[in-house]
Amino acid sequence: MAKFLEYRGKEFFKQAGIPVPDGVVVSTPEEAQEAARKIGKPVVVKAQVLAGGRGKAGGVKLVSTPEEAKEAADQILGMEIKGLLVKQVLVEEQLAIAQEFYAGLIINSAQEVRGPVLMFSPEGGIDIESVPEDRIATLNVDVIKGLMMHDTLDMVVSMGVKGAAVRPLADLVLKLYNVFRAKDCRALEINPLVLTEDGKVYAADCRMEADDQAVFRHPEFNIKIGREFLKEPTDLDLIGWSYEASDFRGTSYVAEMASPEEVAEGGYVGYHGIGGGAAMLGMDALNKVGLKVADYADTSGNPTASKVYRTVKLIMSQPGIEGYFLSGFMMANQEQWHHAHGLVKALREELPKRPGFPVVLLLCGNKEEQSQAILKEGLAGFGDRVEIYDREHVYDAKFIGGRVKTLVEEYRKDQAAA
Ligand code: GDP
Ligand code: MN
């Protein structure tokens with residue numbers, strides 16, 4: 001899922017007319033001080049990481065002066081919260097909180113619902129999981145009919161809210177649903193939704209997750225890779241993703257695992273798995289013989305030969321790799337001749353450029369006999385370190401790992417001698 005930092009979610013809130021505290025996101029203590037000075041009131045300094053529970057972890061600090069904001073930012077920046085490094089803080093005007101509420105939406109994929117569920121609770125500021133069921137109003141929203149103001153008024157009133165707070169709360173919850181729809185969210189949450197002492201409502205926090213499959217229609221998200229990808233994408237990652245963005249036939253997943261500098265130190269192979277489980281076996285096979293992967297690649301779901309070809313070319317483009325390993329360790333339920341064609345075309349282009357380069361191919365599954373014939377015929381005479389294996393070695397990580405290791409060592413000797 002495409003997850004958003006609090007400050008980005010709040011930008012979308014603001015555009016939709018949901019009140020948010022006045023604030024700025026910054027990445028240094030000095031900028032935090034300046035931001036606090038401009039806001040001109042006591043502020044709250046908040047860690048921007050894709051995790052909840054920042055308050056408990058010391059990532060949210062209330063301060064009175066710009067100097068204190070600088071100190072707080074200095075403490076929070078560089079902190080790790082749930083394993084995530086804090087690189088930015090949000091500096092926001094402090095709210096005089098009278099009451100904290102919770103409002104949220106998730107997609108419930110259970111058969112009888114299959115749609116958004118709206119939740120509202122007067123128990124805000126704490127984990128919604130720990131709020132008793134009878135203190136949460138829920139509503140399965142009919143996406144065709146949509147949500148009406150009377151629905152949210154009912155929810156707010158059903159939780160015991162009275163007087164002047166009812167209307168602004170109901171209005172905010174309605175707008176929350178509008179953002180949820182407009183941004184194709186899977187989850188959108190405000191905790192706490194704050195009622196201030198002077199009777200105003202604010203989204204004081206935001207947790208937003210959009211559907212990866214909808215990222216393409218939201219250029220405003222500015223997401224470079226439309227699927228779970230928790231690091232800043234490298235050039236290699238972006239090239240890999242470009243194959244997916246324009247061709248939906250099967251999948252190719254490519255992620256850079258080591259920087260070119262690390263790969264240059266030696267001991268790395270270009271890595272290509274078929275399916276997650278097989279890919280794990282292959283990684284294990286390499287680990288056991290002391291080799292590392294420069295990249296992680298996975299072509300599965302019956303991809304076309306062209307997609308496999310592009311993936312192999314990308315893997316082979318990594319300077320300093322000492323071999324190429326296709327780890328098709330399981331009986332893949334896809335027509336493997338597409339892999340065979342893609343591999344043959346890419347390797348016939350690449351191998352003449354690097355004599356003696358180790359290539360170990362393990363490919364089994366549907367159309368295996370034909371696929372093996374394509375590989376053997378297509379790669380005959382292309383390098384004397386090309387080894388091709390079939391179902392005889394399915395799951396045989398020890399043997400295959402050993403072959404990769406032996407060929408890499410031979411290749412290193414050649415390189416040293418040259
Ligand atoms: P989370 O712990 O990651 O969910 O971070 P939150 O943004 O929810 O902040 C944690 C808590 O800090 C909230 O539940 C509030 O109690 C408190 N807090 C956040 N902003 C303010 C503010 O402007 N004024 C006051 N008084 N408390 C705040
Ligand atoms: Mn929160």
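What's counted below: heavy atoms across the whole structure, side chains too, no hydrogens, waters or symmetry copies. From a predicted model like this one, the values you see are computed outputs, not experimental measurements.
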Summary of salt bridge (charged side-chain N to carboxylate O under 4.0 Å, His left out) pairs that have at least one residue in residues 177-187, sequence neighbours excluded: Lys183-Glu220, Asp184-Arg217
May I have all residue pairs that pass salt bridge (charged side-chain N to carboxylate O under 4.0 Å, His left out) and include part of residues 204-216, sequence neighbours excluded? Arg54-Asp205, Glu189-Arg207, Arg207-Glu209
Mind checking ring-ring contact (aromatic ring centres under 6.0 Å, His included) for Tyr177 and listing every partner two or more places apart, or none if nothing turns up? none
For Tyr202, give me all partners under ring-ring contact (aromatic ring centres under 6.0 Å, His included), at least two apart in sequence or on another chain. none
Exercise: identify the closest heavy-atom pair between His341 and Ala305: CB-CB, 4.0 Å
Correct closest heavy-atom pair for Gln334 and Pro303 would be OE1-CD, 3.4 Å
pair His339-Leu363: side-chain heavy atoms closer than 4.5 Å: yes
Donor-acceptor pair, distance only, cut-off 3.5 Å: does the side chain of Glu262 make one with the backbone of Ser259? yes
Any donor and acceptor pair, going by atom type alone, linking the side chain of Ser121 with main-chain N or O of Ile136 inside 3.5 Å? no
With sequence neighbours left out, write down each residue that passes side chain to side chain donor-acceptor pair (under 3.5 Å) with [X], or none if nothing qualifies.
| X | result |
| --- | --- |
| Gln99 | none |
| Asn366 | Asn333 |
| Glu232 | Lys224 |

Looking at residues at least two apart in the chain, or sitting in another chain, which of them share a side chain to side chain contact (heavy atoms under 4.5 Å, CB included) with [X]?
| X | result |
| --- | --- |
| Ala110 | Asn108, Glu112 |
| Asp171 | Met149, Lys175 |
| Asp142 | Ile144, Lys145 |

Cation-pi check, Arg354 onto Phe357 ring (under 6.0 Å, within 45° of axis): yes
I'd like to know if Lys70 and Glu34 make a salt bridge, using a cut-off of under 4.0 Å between side-chain N and carboxylate O. no
Can you give me every donor-acceptor pair (side chain of residues 280-295, partner residue at least two apart or in another chain, under 3.5 Å) with its distance?
residue, atom, partner, partner atom, Å
Asp284, OD2, Lys288, NZ, 3.1
Asn287, ND2, Met283, O, 3.4
Asp295, OD1, Tyr271, N, 3.0
Asp295, OD1, Gln318, NE2, 2.7

Would you please classify the geometry between the Tyr389 ring and the His393 ring as parallel, tilted or perpendicular, with 30° and 60° separating the classes? perpendicular
So, Phe101 versus Phe120, ring centres under 6.0 angstrom or not? yes
Begin with the C-alpha distance, continue with both residues' side-chain angles, and end with the deciding distance and a verdict on salt bridge (Lys or Arg N to Asp or Glu O under 4.0 Å) for Arg412 and Glu409. CA-CA 5 Å; Arg412 270 188 207 148; Glu409 277 171 356; 5.2 Å; no
Under 3.5 Å donor-acceptor pairs involving side-chain atoms of residues 84-95, not counting sequence neighbours:
residue, atom, partner, partner atom, Å
Glu92, OE1, Lys10, NZ, 3.3
Glu92, OE2, Lys10, NZ, 2.5
Glu93, OE1, Lys41, NZ, 2.9
Glu93, OE2, Asp22, N, 2.8
Gln94, NE2, Val43, O, 3.0
Gln94, NE2, Val63, O, 3.1

Any side-chain donor-acceptor pair under 3.5 Å between Ser130 and Asp127? no
